[in-house]
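Quick note on labels: first sequence line is chain A, next is B, and so on, each numbered from 1.
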Amino acid sequence: MSYAYLFKYIIIGDTGVGKSCLLLQFTDKRFQPVHDLTIGVEFGARMITIDGKQIKLQIWDTAGQESFRSITRSYYRGAAGALLVYDITRRDTFNHLTSWLEDARQHASSNMAIMLIGNKSDLEARRDVKREEGEAFAREHGLIFMETSAKTASNVEEAFINTAKEIYQKIQDGVFDINNEANGIKIGPQHSPTSGLPASSPGGNQGGGCC
Amino acid sequence: MQPECKKLCVDPRLTSFQVLQKLLAKAFNITEAFSVSYQANVKDGKAIYLAMVSDWDVDAAFLSSSDPFLRLKVEIKPFEQGELLHDKLGLEDWDIIGHNDVTKRNDDASRFPQSRLDSFTESISNQVTRTVSQVSRVMGLKNAAIEVDQTAAVKAPMSDAEFHTFLDPVGHLSQPEQFRLCVYRGGIEPSLRKVVWRHLLNIYPEGLNGRVRFEYLRMKSAEYYRLREEWREPFLHGNATDEVLGITLMVKKDVRRTDRAHSFYAGADDNANLESLFNVLVTFALTHPDVSYCQGMSDIASTLLVTQNDEAHAYVCFCGLMRRLKGNFLPDGEAMTTQFAHLTLLLQHHEPEFFEYLCQAHAHGLLFCYRWLLLELKREFPFDDALHMLDVLWSSLPPDYPDGQLDLVDAVYHNHGVASPGPGSPTDSYIATCSRRLHLQSGGGTTQSLTNGINPTQRLRSGMDGAKSGKVQSERAKVVRENDSRAVSQPPTGVELLNGGKHSRSHSPCSTDADSDRSKEADDEAKSNNFNVSNNVLACRPNCTDKSNHAESCPINIVVHCHSDPACGAALGDDVLEMDNSHFADKPASACSLCKKAASACACAAAPLAVDVSENRDENNPAAKLRPRTNSAPDISGVSPQQSLRLTTSTNTLRSLPTSPRRRDDGGGVGGGVVPTVDFTRPAARLPRLPPPHEFGGGKPFLMFLCLSLMTQQKELIMSRRLDHNDIAVHFDRLVRKHNVQCVLRDARSLYAAYLKAHAESLAADDDSASDDLGV
């Protein structure tokens, strides 16, 4: 399936906050309560539509273990969007956001769109971090914020798509140099930066692995 | 209690051990585990009962029964309690096969005749190849693997009966290389895996008999529980240190999502097996501060716990395995980098077209292989298939006995007694490795830089790491070494291993460290001997054709005493086992010629494949015929098709090849002078030769071929769908636990055999190649 743009995402955050579950919910629309722990990095992809254009999201789901931190640093390069995830039932995962953000700011393109996600919103009874705190953190650091539940799928689509919208908007505003792949954006095989035509190429030579 | 007696009538031709067990269970209405022994014959009016644990024993029982009856003794008593049925036999290898294990077999009907046939042919081949196996002890296991692979189809998994053909009457594993070869060819029956893995994972020092192994394992278990309680007791009482808290938190999270689909770990989070896995990992992390805990370890330990079904045994096995795998988790990242570089090289050799495709797709960093390499492919197959794959993978390596005893703690812990933070973040290795891979993948790298992935010094160092760590281990091994083997201090535990005064003068031919060792005191030499001998079974191969640097072969004396346990002390007092590999010791000068003979024998054994090649040569377009093709007569010699043609007539061609790792620096480092990918149209001519087995993949050559097979099986699909690098990675992520183990093993075995053959040929043809291969 052809696409107008390809955006590369990275999902970061402490271990066990539900990064892989968010990805699985987004790409497969299913929830796996016990997900294999991620070794290094795992990969996902899905096609979405924004403004009538096919956009392929290429998502790198990273391992969250503290000691794996530095590797995620190498993944920031070449990512257009990041989902920074914490677990609303575990305050420590919220407390670590600052250091994740520092990493991201330091190693990613300055234009990278970062979405702050408080996951496991279905576990209201065990909530340890108030929604307002998440909102305040996002405001303070200029992030988009959303609470999600990978289990119920609540806000999962929105999280990924809103991030894509922000990136798309930045392209429209000319913030991104879309010819530089280090920004995590690629123009589809049949599209030029200016044509803006919807995907119509035959051959489908860029089929997504999961679409 | 009066024993209950019953008479049963069975047909010897139809009654397998399992059938017999079922009959007995039914006859006596037994529901729990029980042991069976049979009366062999009567000597001096005393009945001798022998344990019956396999079809083999059943056969023997029927044959040796002089009575009109075969008398059996059934005891409702799990062997785990350590009761030895027969004091001449070490039953450690038998006792752990529980009733449950046995009944799990699903191919009951067909198994009996099959296993009989196997044990028959195997025992014959053992007779015939006894001398060959001595040769292969010097040559390393792999030559034998070639011979077998040329002639034999994949065999049925190793059965109890077959396993026992490798044990002598006291349960000593008499032909460790042949034993491994046998496992390599067909894996292990699930019920036997528990026992066999302990051997494959090198937890036992060399030369123990069954009973000493049993004591050794008991002692190691006790040691484990002591180590565990050091942290666990305070932990359970809320007095844990921050370090323990940190590690337990991490491990707990991961244990709860490790193999939970497997029935062993299924159910609620309070499943006792989860706690065992947790204990194993936390104990390891705290007693191994240099590696600590790292994600991925739970996957590795999980298979061991499922198989051993005993926390302490699983821990001991884990320590054995981590001796080899810990490099994957070390901060320097070298082990992973080496594996990536070698896998890349292998792909270039075998699948130049596919590799070119991966380059164009920016996937040549092979980042999607990270999990494969880190976990030795454990997660790529369905769980039970993964166990089978591990059988084969682990048995592809020669024995590597621990020096003295297997250490359950690392040097840092041993020296300080308490866990202290390691030198760096454990998974800095991941970072180091992946940054490099990412850099390549994102276009910064070049063709040249890929083959430059490791420089010669790195390679040399990685080749020598083993020797170094061996020394570290030997320095802290809790082994008493004295010339007088009787002067033994009383150990607190059951078994003590002594390295006798008659130690060898062997040295590692490839290790300058080891060379310098020779100038040290004899005691130091003794310390490193066991390790060097065992670790370099393969390493000595490339050098044994080098007259000036041949292996001075080596008598290894391991004297095993069993002391302090009063229960076994008496029985073992006179049971001093002396292992003396003096076949080679008394003719050190001939060792080299022995190697040569074996090398040529090996080349002969490889003849059938060479014949195929020369037949091709007779046809019109020989070069085209010889073009590397997937899975068939692959060109792994590192030469172009034309050159490989010549290889069959004159292997000296290899001499002129650009093999030297020295050249690898020519293209500059990563991001240096860009070599356009167009070069891949003629890749073979420019490629360095594949490393020798002991270096390949950092000493994991077969893993490289497994990974190659995994990739080539998806090649068509990937290329036909024109997947990009992310889609390729997604594709492989979706194949987690779905690869077909038989297909992958089949391909990998055949590729590996061809590689070994080519390697042996190049050795035979080129005396000087050894030093090149070592990068010196």
Tell me, with the steps shown, if A:T27 and B:R734 meet side chain to side chain contact (heavy atoms under 4.5 Å, CB included).
CA-CA 12 Å; A:T27 58; B:R734 283 174 189 259; 3.9 Å; yes

Value rounded to 0.5 Å, distance of CD in B:Q295 from CD1 in A:I39
6.0 Å

Counting only heavy atoms not in A:R126, do more than 12 sit closer than 6.0 Å to its CZ atom?
no

Where on B:N726 is there a heavy atom nearer than 4.5 Å to chain A: the side chain, the backbone, both, or neither?
both

Please walk me through it: do A:V41 and B:Y370 pass side chain to side chain contact (heavy atoms under 4.5 Å, CB included)?
CA-CA 8 Å; A:V41 64; B:Y370 191 87; over 6 Å; no

Minimal heavy-atom distance between A:F43 and B:F368, with the atoms involved, is CE1-CA, 4.5 Å

Could you check whether A:D36 pairs with B:R371 (Lys NZ or Arg NE/NH1/NH2 to Asp/Glu carboxylate O, under 4.0 Å)?
no

Please round to the nearest 0.5 Å and tell me the distance separating atom CG of A:L37 and atom CZ of B:R257.
5.0 Å

Within this structure, what is the CG-NZ distance for the pair B:D727 and A:K56, rounded to the nearest 0.5 Å?
3.0 Å

All heavy atoms of A:W60 vs all of B:L367, minimum pair found to be CZ3-CD2, 4.3 Å

Go through the atoms of B:R256 and report whether side chain, backbone, both or neither lie under 4.5 Å from a heavy atom of chain A.
backbone

Need one label for B:I728: side chain, backbone, both or neither, based on atoms under 4.5 Å from any heavy atom in chain A.
neither

Could you please spell out the steps behind the side chain to side chain contact (heavy atoms under 4.5 Å, CB included) verdict for B:H725 and A:Q58?
CA-CA 10 Å; B:H725 76 278; A:Q58 198 175 71; 4.2 Å; yes

Walk me through it: do B:K253 and A:D14 pass the test side chain to side chain contact (heavy atoms under 4.5 Å, CB included)?
CA-CA 11 Å; B:K253 252 181 245 156; A:D14 276 9; over 6 Å; no

